[in-house]
S.K.: 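The structure that follows is given in the form of C-alpha coordinates.
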Protein chains: 2
Amino acid sequence: MGRTASIQDDELMTRLGTAFRDFGYQGATLSLLAEATGLQKASLYHRFPGGKEQMAREVLEAAQSWLEDHVLGPLRSSGDPAARLAAMTNKVDEFYAGGRQACLLNMLSSGRNIDGPFAAAIKGMFQAWISAFAAVAMDAGADKKAARIRAQRVIALMQGSLVLSRGLGTPQPFRDFLKSAPAELL
Amino acid sequence: MGRTASIQDDELMTRLGTAFRDFGYQGATLSLLAEATGLQKASLYHRFPGGKEQMAREVLEAAQSWLEDHVLGPLRSSGDPAARLAAMTNKVDEFYAGGRQACLLNMLSSGRNIDGPFAAAIKGMFQAWISAFAAVAMDAGADKKAARIRAQRVIALMQGSLVLSRGLGTPQPFRDFLKSAPAELL
DNA sequence: GTCTATAGGAAGATAGAC
DNA sequence: GTCTATCTTCCTATAGAC
(Lines give C-alpha, C1' and ligand atoms only; values in the text may rest on other atoms or scores of the structure.)
Protein backbone atom coordinates (compact mmCIF):
# COMPACT_ATOMS: atom_id res chain seq x y z
CA MET A 1 0.00 0.00 0.00
CA GLY A 2 1.13 3.57 0.65
CA ARG A 3 2.42 5.70 -2.23
CA THR A 4 2.87 2.87 -4.68
CA ALA A 5 0.30 1.70 -7.18
CA SER A 6 -1.69 -1.31 -5.98
CA ILE A 7 -2.75 -2.24 -9.47
CA GLN A 8 -0.89 -2.07 -12.76
CA ASP A 9 -2.17 0.31 -15.40
CA ASP A 10 -2.99 -2.30 -18.02
CA GLU A 11 -4.67 -4.59 -15.49
CA LEU A 12 -6.69 -1.59 -14.33
CA MET A 13 -7.81 -0.81 -17.86
CA THR A 14 -8.70 -4.45 -18.47
CA ARG A 15 -10.91 -4.59 -15.41
CA LEU A 16 -12.60 -1.29 -16.19
CA GLY A 17 -13.14 -2.52 -19.73
CA THR A 18 -14.73 -5.73 -18.53
CA ALA A 19 -17.07 -3.79 -16.27
CA PHE A 20 -18.17 -1.45 -19.08
CA ARG A 21 -18.64 -4.39 -21.42
CA ASP A 22 -20.70 -6.33 -18.89
CA PHE A 23 -22.87 -3.50 -17.62
CA GLY A 24 -22.76 -0.71 -20.17
CA TYR A 25 -21.93 2.91 -19.42
CA GLN A 26 -24.88 3.71 -17.17
CA GLY A 27 -24.87 0.28 -15.55
CA ALA A 28 -21.23 0.53 -14.57
CA THR A 29 -21.59 2.64 -11.43
CA LEU A 30 -18.58 3.97 -9.59
CA SER A 31 -19.19 1.56 -6.73
CA LEU A 32 -19.18 -1.29 -9.21
CA LEU A 33 -16.03 0.02 -10.91
CA ALA A 34 -14.36 0.35 -7.52
CA GLU A 35 -15.21 -3.22 -6.65
CA ALA A 36 -14.10 -4.47 -10.06
CA THR A 37 -10.69 -2.81 -9.75
CA GLY A 38 -10.12 -3.28 -6.04
CA LEU A 39 -9.68 0.48 -5.68
CA GLN A 40 -11.84 2.92 -3.76
CA LYS A 41 -13.85 5.51 -5.61
CA ALA A 42 -11.54 8.31 -4.52
CA SER A 43 -8.55 6.40 -5.87
CA LEU A 44 -10.25 6.05 -9.23
CA TYR A 45 -10.81 9.81 -9.27
CA HIS A 46 -7.13 10.32 -8.52
CA ARG A 47 -6.23 8.39 -11.68
CA PHE A 48 -9.16 9.68 -13.72
CA PRO A 49 -9.95 13.26 -12.67
CA GLY A 50 -12.59 13.34 -15.41
CA GLY A 51 -14.56 10.63 -13.62
CA LYS A 52 -16.50 7.88 -15.31
CA GLU A 53 -16.50 9.56 -18.68
CA GLN A 54 -12.73 9.69 -18.73
CA MET A 55 -12.53 6.05 -17.66
CA ALA A 56 -14.76 4.99 -20.53
CA ARG A 57 -12.86 7.19 -22.96
CA GLU A 58 -9.52 5.70 -21.95
CA VAL A 59 -10.93 2.18 -22.07
CA LEU A 60 -12.11 2.92 -25.58
CA GLU A 61 -8.66 4.23 -26.51
CA ALA A 62 -7.07 1.10 -25.10
CA ALA A 63 -9.45 -0.98 -27.19
CA GLN A 64 -8.42 1.07 -30.20
CA SER A 65 -4.76 0.24 -29.56
CA TRP A 66 -5.62 -3.40 -29.07
CA LEU A 67 -7.52 -3.44 -32.35
CA GLU A 68 -4.58 -1.88 -34.16
CA ASP A 69 -2.02 -4.25 -32.67
CA HIS A 70 -3.89 -7.54 -32.77
CA VAL A 71 -6.36 -7.16 -35.62
CA LEU A 72 -5.59 -4.43 -38.10
CA GLY A 73 -1.83 -5.04 -38.00
CA PRO A 74 -1.98 -8.78 -38.67
CA LEU A 75 -4.60 -8.24 -41.37
CA ARG A 76 -2.25 -5.83 -43.17
CA SER A 77 0.72 -8.20 -43.04
CA SER A 78 1.88 -9.91 -46.22
CA GLY A 79 1.12 -13.55 -46.85
CA ASP A 80 -1.81 -15.79 -47.53
CA PRO A 81 -5.13 -14.02 -46.79
CA ALA A 82 -6.49 -17.13 -45.06
CA ALA A 83 -3.44 -17.28 -42.80
CA ARG A 84 -3.79 -13.61 -41.91
CA LEU A 85 -7.40 -14.18 -40.99
CA ALA A 86 -6.54 -17.19 -38.85
CA ALA A 87 -3.95 -15.24 -36.90
CA MET A 88 -6.52 -12.58 -36.14
CA THR A 89 -9.30 -15.02 -35.36
CA ASN A 90 -7.46 -16.47 -32.37
CA LYS A 91 -6.94 -13.04 -30.86
CA VAL A 92 -10.57 -12.10 -31.38
CA ASP A 93 -11.66 -15.33 -29.75
CA GLU A 94 -9.54 -14.48 -26.73
CA PHE A 95 -10.71 -10.89 -26.64
CA TYR A 96 -14.38 -11.82 -26.52
CA ALA A 97 -13.68 -14.70 -24.12
CA GLY A 98 -14.99 -17.22 -26.62
CA GLY A 99 -18.28 -15.32 -26.93
CA ARG A 100 -18.92 -14.82 -23.24
CA GLN A 101 -17.91 -11.15 -23.26
CA ALA A 102 -19.88 -8.44 -25.01
CA CYS A 103 -18.36 -5.88 -27.38
CA LEU A 104 -17.51 -2.49 -25.95
CA LEU A 105 -18.61 -0.81 -29.16
CA ASN A 106 -22.11 -2.18 -28.74
CA MET A 107 -22.30 -1.51 -25.01
CA LEU A 108 -21.20 2.13 -25.32
CA SER A 109 -23.52 2.96 -28.20
CA SER A 110 -26.69 3.49 -26.24
CA GLY A 111 -28.67 6.53 -25.24
CA ARG A 112 -27.10 9.90 -24.91
CA ASN A 113 -23.72 8.46 -25.81
CA ILE A 114 -25.05 8.19 -29.34
CA ASP A 115 -23.95 11.71 -30.12
CA GLY A 116 -21.73 11.85 -27.08
CA PRO A 117 -17.98 11.69 -26.66
CA PHE A 118 -17.72 8.04 -27.73
CA ALA A 119 -19.62 8.13 -30.99
CA ALA A 120 -16.72 9.27 -33.16
CA ALA A 121 -14.29 6.70 -31.76
CA ILE A 122 -16.82 3.89 -32.14
CA LYS A 123 -17.59 4.84 -35.70
CA GLY A 124 -13.90 5.05 -36.53
CA MET A 125 -13.16 1.61 -35.11
CA PHE A 126 -16.01 0.00 -37.01
CA GLN A 127 -14.86 1.67 -40.22
CA ALA A 128 -11.24 0.68 -39.71
CA TRP A 129 -12.16 -2.92 -39.05
CA ILE A 130 -14.41 -3.07 -42.10
CA SER A 131 -11.73 -1.50 -44.29
CA ALA A 132 -9.12 -3.99 -43.11
CA PHE A 133 -11.44 -6.91 -43.87
CA ALA A 134 -12.24 -5.45 -47.26
CA ALA A 135 -8.54 -5.20 -48.09
CA VAL A 136 -8.05 -8.87 -47.26
CA ALA A 137 -11.02 -9.83 -49.40
CA MET A 138 -9.57 -7.85 -52.31
CA ASP A 139 -6.22 -9.60 -51.87
CA ALA A 140 -8.16 -12.83 -52.19
CA GLY A 141 -9.54 -11.69 -55.52
CA ALA A 142 -12.80 -9.90 -54.80
CA ASP A 143 -13.56 -6.64 -56.56
CA LYS A 144 -13.71 -3.46 -54.53
CA LYS A 145 -17.44 -3.24 -54.10
CA ALA A 146 -18.01 -6.91 -53.31
CA ALA A 147 -15.12 -6.85 -50.85
CA ARG A 148 -16.62 -3.96 -48.93
CA ILE A 149 -20.06 -5.54 -48.74
CA ARG A 150 -18.65 -8.84 -47.53
CA ALA A 151 -16.45 -7.09 -44.99
CA GLN A 152 -19.37 -5.17 -43.53
CA ARG A 153 -21.40 -8.35 -43.42
CA VAL A 154 -18.72 -10.19 -41.46
CA ILE A 155 -18.54 -7.40 -38.89
CA ALA A 156 -22.32 -7.45 -38.57
CA LEU A 157 -22.21 -11.23 -38.16
CA MET A 158 -19.62 -10.90 -35.43
CA GLN A 159 -21.58 -8.28 -33.52
CA GLY A 160 -24.82 -10.17 -33.96
CA SER A 161 -23.31 -13.46 -32.86
CA LEU A 162 -22.15 -11.76 -29.69
CA VAL A 163 -25.61 -10.33 -29.04
CA LEU A 164 -27.13 -13.73 -29.69
CA SER A 165 -24.62 -15.50 -27.47
CA ARG A 166 -25.56 -13.24 -24.61
CA GLY A 167 -29.27 -13.56 -25.27
CA LEU A 168 -29.25 -17.33 -25.58
CA GLY A 169 -26.85 -17.76 -22.69
CA THR A 170 -24.43 -19.85 -24.70
CA PRO A 171 -21.29 -18.91 -26.65
CA GLN A 172 -22.31 -21.23 -29.48
CA PRO A 173 -23.37 -18.49 -31.95
CA PHE A 174 -20.00 -16.76 -31.56
CA ARG A 175 -18.18 -20.07 -32.03
CA ASP A 176 -20.15 -20.67 -35.21
CA PHE A 177 -19.21 -17.22 -36.41
CA LEU A 178 -15.50 -17.75 -35.82
CA LYS A 179 -15.59 -20.99 -37.76
CA SER A 180 -17.45 -19.52 -40.70
CA ALA A 181 -15.77 -16.13 -40.82
CA PRO A 182 -12.96 -16.98 -43.29
CA ALA A 183 -15.37 -18.54 -45.75
CA GLU A 184 -17.71 -15.54 -45.43
CA LEU A 185 -14.96 -13.12 -46.30
CA LEU A 186 -13.03 -14.98 -48.98
CA MET B 1 -57.44 15.57 -17.02
CA GLY B 2 -59.19 14.12 -13.98
CA ARG B 3 -60.16 10.41 -13.73
CA THR B 4 -59.74 9.57 -17.38
CA ALA B 5 -56.60 8.19 -19.01
CA SER B 6 -54.56 10.85 -20.75
CA ILE B 7 -52.73 8.33 -22.86
CA GLN B 8 -53.91 5.10 -24.48
CA ASP B 9 -52.43 1.85 -23.27
CA ASP B 10 -50.79 0.84 -26.51
CA GLU B 11 -49.40 4.30 -27.16
CA LEU B 12 -48.02 4.23 -23.61
CA MET B 13 -46.33 0.88 -24.21
CA THR B 14 -44.91 2.09 -27.52
CA ARG B 15 -43.33 5.14 -25.93
CA LEU B 16 -41.93 3.16 -23.02
CA GLY B 17 -40.57 0.65 -25.50
CA THR B 18 -38.88 3.35 -27.53
CA ALA B 19 -37.27 4.77 -24.40
CA PHE B 20 -35.92 1.39 -23.31
CA ARG B 21 -34.64 0.68 -26.82
CA ASP B 22 -32.93 4.06 -27.07
CA PHE B 23 -31.39 4.19 -23.61
CA GLY B 24 -31.36 0.65 -22.23
CA TYR B 25 -32.70 -0.41 -18.87
CA GLN B 26 -30.35 1.60 -16.66
CA GLY B 27 -30.30 4.56 -19.01
CA ALA B 28 -34.07 4.88 -19.07
CA THR B 29 -34.59 6.76 -15.81
CA LEU B 30 -38.03 7.38 -14.40
CA SER B 31 -37.74 11.08 -15.18
CA LEU B 32 -36.94 10.17 -18.76
CA LEU B 33 -39.80 7.68 -18.95
CA ALA B 34 -42.13 10.30 -17.50
CA GLU B 35 -41.07 12.81 -20.13
CA ALA B 36 -41.32 10.22 -22.90
CA THR B 37 -44.90 9.32 -21.95
CA GLY B 38 -46.13 12.73 -20.89
CA LEU B 39 -47.07 11.29 -17.49
CA GLN B 40 -45.63 12.12 -14.10
CA LYS B 41 -43.62 9.55 -12.22
CA ALA B 42 -46.42 8.95 -9.73
CA SER B 43 -48.84 8.27 -12.61
CA LEU B 44 -46.47 5.68 -14.01
CA TYR B 45 -46.36 4.01 -10.62
CA HIS B 46 -50.15 3.96 -10.55
CA ARG B 47 -50.17 1.94 -13.77
CA PHE B 48 -47.05 -0.06 -12.94
CA PRO B 49 -46.91 -0.65 -9.17
CA GLY B 50 -43.81 -2.77 -9.74
CA GLY B 51 -41.94 0.30 -11.00
CA LYS B 52 -39.40 0.31 -13.78
CA GLU B 53 -38.90 -3.42 -13.72
CA GLN B 54 -42.58 -4.02 -14.36
CA MET B 55 -42.56 -1.46 -17.16
CA ALA B 56 -39.69 -3.24 -18.88
CA ARG B 57 -41.32 -6.62 -18.33
CA GLU B 58 -44.60 -5.47 -19.87
CA VAL B 59 -42.79 -3.81 -22.76
CA LEU B 60 -41.02 -7.11 -23.35
CA GLU B 61 -44.35 -8.95 -23.25
CA ALA B 62 -45.81 -6.49 -25.75
CA ALA B 63 -42.83 -7.12 -28.00
CA GLN B 64 -43.47 -10.83 -27.65
CA SER B 65 -47.06 -10.34 -28.82
CA TRP B 66 -45.88 -8.18 -31.68
CA LEU B 67 -43.37 -10.84 -32.70
CA GLU B 68 -46.06 -13.51 -32.65
CA ASP B 69 -48.55 -11.45 -34.63
CA HIS B 70 -46.32 -9.85 -37.24
CA VAL B 71 -43.40 -12.24 -37.60
CA LEU B 72 -44.00 -15.75 -36.36
CA GLY B 73 -47.58 -15.87 -37.58
CA PRO B 74 -46.85 -14.78 -41.17
CA LEU B 75 -43.82 -17.09 -41.27
CA ARG B 76 -46.04 -20.04 -40.35
CA SER B 77 -48.66 -19.28 -42.96
CA SER B 78 -48.94 -21.47 -46.03
CA GLY B 79 -47.65 -20.31 -49.38
CA ASP B 80 -44.38 -19.56 -51.07
CA PRO B 81 -41.51 -19.28 -48.56
CA ALA B 82 -40.15 -16.20 -50.33
CA ALA B 83 -43.56 -14.50 -50.12
CA ARG B 84 -43.86 -15.30 -46.44
CA LEU B 85 -40.45 -13.77 -45.84
CA ALA B 86 -41.33 -10.65 -47.81
CA ALA B 87 -44.49 -10.10 -45.76
CA MET B 88 -42.47 -10.28 -42.58
CA THR B 89 -39.62 -8.15 -43.88
CA ASN B 90 -41.83 -5.10 -44.29
CA LYS B 91 -43.06 -5.34 -40.72
CA VAL B 92 -39.55 -5.75 -39.39
CA ASP B 93 -38.40 -2.73 -41.36
CA GLU B 94 -41.18 -0.70 -39.76
CA PHE B 95 -40.49 -2.06 -36.31
CA TYR B 96 -36.83 -1.09 -36.38
CA ALA B 97 -37.64 2.22 -38.07
CA GLY B 98 -35.54 1.29 -41.07
CA GLY B 99 -32.53 0.59 -38.88
CA ARG B 100 -32.72 3.72 -36.77
CA GLN B 101 -34.15 1.96 -33.72
CA ALA B 102 -32.22 -0.57 -31.66
CA CYS B 103 -33.54 -3.98 -30.69
CA LEU B 104 -35.06 -4.33 -27.24
CA LEU B 105 -33.55 -7.79 -26.87
CA ASN B 106 -30.06 -6.37 -27.22
CA MET B 107 -30.70 -3.35 -25.03
CA LEU B 108 -32.17 -5.37 -22.18
CA SER B 109 -29.44 -8.02 -22.17
CA SER B 110 -26.81 -6.11 -20.26
CA GLY B 111 -25.48 -6.33 -16.76
CA ARG B 112 -27.48 -7.76 -13.92
CA ASN B 113 -30.41 -8.34 -16.24
CA ILE B 114 -28.35 -11.16 -17.70
CA ASP B 115 -29.68 -13.57 -15.12
CA GLY B 116 -32.47 -11.23 -14.16
CA PRO B 117 -36.17 -11.21 -14.86
CA PHE B 118 -35.76 -10.58 -18.61
CA ALA B 119 -33.28 -13.29 -19.50
CA ALA B 120 -35.82 -16.07 -19.96
CA ALA B 121 -38.15 -13.98 -22.13
CA ILE B 122 -35.27 -12.75 -24.29
CA LYS B 123 -33.93 -16.26 -24.78
CA GLY B 124 -37.39 -17.53 -25.65
CA MET B 125 -37.96 -14.83 -28.26
CA PHE B 126 -34.62 -15.45 -29.94
CA GLN B 127 -35.30 -19.18 -30.00
CA ALA B 128 -38.81 -18.75 -31.37
CA TRP B 129 -37.60 -16.44 -34.13
CA ILE B 130 -34.79 -18.81 -35.07
CA SER B 131 -37.14 -21.78 -35.11
CA ALA B 132 -39.61 -19.96 -37.34
CA PHE B 133 -36.85 -19.05 -39.80
CA ALA B 134 -35.57 -22.61 -39.75
CA ALA B 135 -39.03 -23.92 -40.59
CA VAL B 136 -39.23 -21.61 -43.60
CA ALA B 137 -35.79 -22.74 -44.77
CA MET B 138 -36.86 -26.37 -44.49
CA ASP B 139 -40.00 -25.64 -46.51
CA ALA B 140 -37.65 -24.23 -49.13
CA GLY B 141 -35.77 -27.52 -49.23
CA ALA B 142 -32.98 -27.27 -46.69
CA ASP B 143 -32.29 -30.17 -44.39
CA LYS B 144 -32.94 -29.75 -40.70
CA LYS B 145 -29.41 -28.99 -39.58
CA ALA B 146 -28.57 -26.60 -42.40
CA ALA B 147 -31.87 -24.81 -41.90
CA ARG B 148 -31.16 -24.19 -38.23
CA ILE B 149 -27.67 -22.90 -38.89
CA ARG B 150 -28.87 -20.55 -41.61
CA ALA B 151 -31.73 -19.32 -39.44
CA GLN B 152 -29.43 -18.52 -36.56
CA ARG B 153 -27.07 -16.74 -38.91
CA VAL B 154 -29.85 -14.55 -40.28
CA ILE B 155 -30.87 -13.51 -36.77
CA ALA B 156 -27.25 -12.74 -35.95
CA LEU B 157 -26.98 -10.72 -39.15
CA MET B 158 -30.08 -8.75 -38.24
CA GLN B 159 -28.87 -7.98 -34.72
CA GLY B 160 -25.40 -7.12 -35.94
CA SER B 161 -26.68 -4.89 -38.71
CA LEU B 162 -28.66 -2.96 -36.10
CA VAL B 163 -25.59 -2.59 -33.89
CA LEU B 164 -23.56 -1.47 -36.87
CA SER B 165 -26.22 0.97 -38.02
CA ARG B 166 -26.15 2.64 -34.64
CA GLY B 167 -22.37 2.63 -34.47
CA LEU B 168 -21.86 4.03 -37.93
CA GLY B 169 -24.70 6.50 -37.59
CA THR B 170 -26.41 5.34 -40.77
CA PRO B 171 -29.19 2.80 -41.36
CA GLN B 172 -27.35 1.43 -44.40
CA PRO B 173 -26.19 -1.84 -42.79
CA PHE B 174 -29.74 -2.68 -41.74
CA ARG B 175 -31.02 -1.85 -45.23
CA ASP B 176 -28.40 -4.16 -46.70
CA PHE B 177 -29.50 -6.87 -44.32
CA LEU B 178 -33.16 -6.57 -45.28
CA LYS B 179 -32.29 -6.86 -48.94
CA SER B 180 -30.08 -9.88 -48.50
CA ALA B 181 -32.11 -11.71 -45.87
CA PRO B 182 -34.26 -13.87 -48.19
CA ALA B 183 -31.21 -15.08 -50.13
CA GLU B 184 -29.39 -15.81 -46.88
CA LEU B 185 -32.18 -18.03 -45.63
CA LEU B 186 -33.30 -19.81 -48.79
C1' DG C 1 -1.32 6.64 -4.34
C1' DT C 2 -4.77 5.04 -1.43
C1' DC C 3 -7.85 5.53 2.05
C1' DT C 4 -12.28 7.11 5.11
C1' DA C 5 -15.78 10.33 5.32
C1' DT C 6 -19.02 13.22 3.35
C1' DA C 7 -21.15 16.72 0.41
C1' DG C 8 -24.58 17.41 -3.23
C1' DG C 9 -27.64 15.76 -6.36
C1' DA C 10 -30.23 12.48 -9.12
C1' DA C 11 -32.78 8.16 -9.07
C1' DG C 12 -36.47 5.00 -7.53
C1' DA C 13 -40.51 4.96 -4.99
C1' DT C 14 -44.55 6.64 -1.93
C1' DA C 15 -48.28 9.79 0.32
C1' DG C 16 -52.13 12.16 -0.20
C1' DA C 17 -54.92 15.94 -2.53
C1' DC C 18 -57.98 16.56 -6.41
C1' DG D 1 -56.18 8.63 -13.13
C1' DT D 2 -53.16 12.33 -12.55
C1' DC D 3 -50.91 15.54 -10.00
C1' DT D 4 -47.42 18.00 -6.42
C1' DA D 5 -44.57 17.14 -2.71
C1' DT D 6 -41.62 14.28 -0.30
C1' DC D 7 -38.84 10.27 1.35
C1' DT D 8 -34.98 7.21 0.93
C1' DT D 9 -31.42 5.27 -1.44
C1' DC D 10 -27.87 5.34 -4.51
C1' DC D 11 -24.65 7.79 -7.45
C1' DT D 12 -21.08 11.11 -8.74
C1' DA D 13 -17.68 13.76 -6.98
C1' DT D 14 -14.63 16.10 -3.44
C1' DA D 15 -11.98 16.96 1.04
C1' DG D 16 -8.42 15.78 3.70
C1' DA D 17 -5.63 12.29 6.51
C1' DC D 18 -1.91 8.96 5.96
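Just so you know, these numbers come straight off a predicted model, no measurement behind them. Chain A is the first sequence line, chain B the second, and so forth, proteins listed ahead of strands; every chain is numbered from 1. Just so you know, these numbers use all the heavy atoms, side chains as well, and skip hydrogens, waters and symmetry mates.
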S.K.: Between C:dG12 atom P and B:Leu16 atom CG, what is the distance in whole Å?
M.R.: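 Result: 13 Å.
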S.K.: With a 3.5 Å distance limit and no angle check, can you tell me whether A:Ser109 reaches the backbone of B:Arg166 through a side-chain donor-acceptor pair?
M.R.: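 The answer is no, because no donor-acceptor pair under 3.5 Å joins these two groups.
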S.K.: Per the side chain to side chain donor-acceptor pair (under 3.5 Å) rule, what does the pair list look like for residues 150-160 of chain B, sequence neighbours excluded?
M.R.: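 Side chain to side chain donor-acceptor pair (under 3.5 Å) check on residues 150-160 of chain B returns A:Glu184-B:Arg153, B:Arg153-B:Glu184.
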S.K.: Can you check the A:Gln40 CD to C:dT6 P distance for me, whole Å?
M.R.: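 Value for this atom pair: 15 Å.
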S.K.: Side-chain atoms of residues 123-131 of chain B: list all donor-acceptor pairs with protein atoms under 3.5 Å, sequence neighbours left out, distances to 0.1 Å.
M.R.:
residue: B:Ser131; atom: OG; partner: B:Gln127; partner atom: O; Å: 3.0

S.K.: Ignoring backbone atoms, establish whether B:Ser6 has a side-chain N or O less than 4.0 Å from OP1 or OP2 of D:dG1.
M.R.: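 Looking at the OP1 and OP2 atoms of D:dG1, neither is under 4.0 Å from any side-chain N or O of B:Ser6.
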S.K.: Using whole Å, what does the distance between atom P of nucleotide C:dG12 and atom CZ of B:Phe23 come to?
M.R.: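 Atom CZ in B:Phe23 sits about 13 Å away from atom P in C:dG12.
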S.K.: Can a cation-pi geometry be assigned to A:Arg84 and A:Phe133, taking NZ or CZ under 6.0 Å from the six-membered ring centre and within 45° of the ring axis?
M.R.: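 No.
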S.K.: For the pair B:Tyr25 and B:Phe20, name the ring-plane relationship: parallel under 30°, tilted 30 to 60°, perpendicular over 60°.
M.R.: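 Parallel: the ring planes of B:Tyr25 and B:Phe20 meet at under 30°.
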S.K.: Is there a side-chain polar atom (N or O) of B:His46 under 4.0 Å from OP1 or OP2 of D:dT2?
M.R.: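 No, outside the criterion.
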S.K.: Whole-Å distance between C:dC3 P and A:Ile7 CD1?
M.R.: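 The distance from CD1 of A:Ile7 to P of C:dC3 comes to 11 Å, rounded to the nearest Å.
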S.K.: Protein within reach of the bases, or only the backbone? For nucleotides 11-18 of chain D, mark each nucleotide 5' to 3' as B, S or -, using heavy atoms under 4.0 Å.
M.R.: SBBBB---
S.K.: Within the structure, does a side-chain N or O atom of A:Ser43 lie under 4.0 Å from either OP1 or OP2 of C:dC3?
M.R.: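 The answer is yes; a side-chain N or O of A:Ser43 sits under 4.0 Å from OP1 or OP2.
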S.K.: Under 4.5 Å between any side-chain heavy atoms of B:Leu162 and A:Val163, yes or no?
M.R.: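 Heavy-atom side-chain distance check fails, nothing below 4.5 Å.
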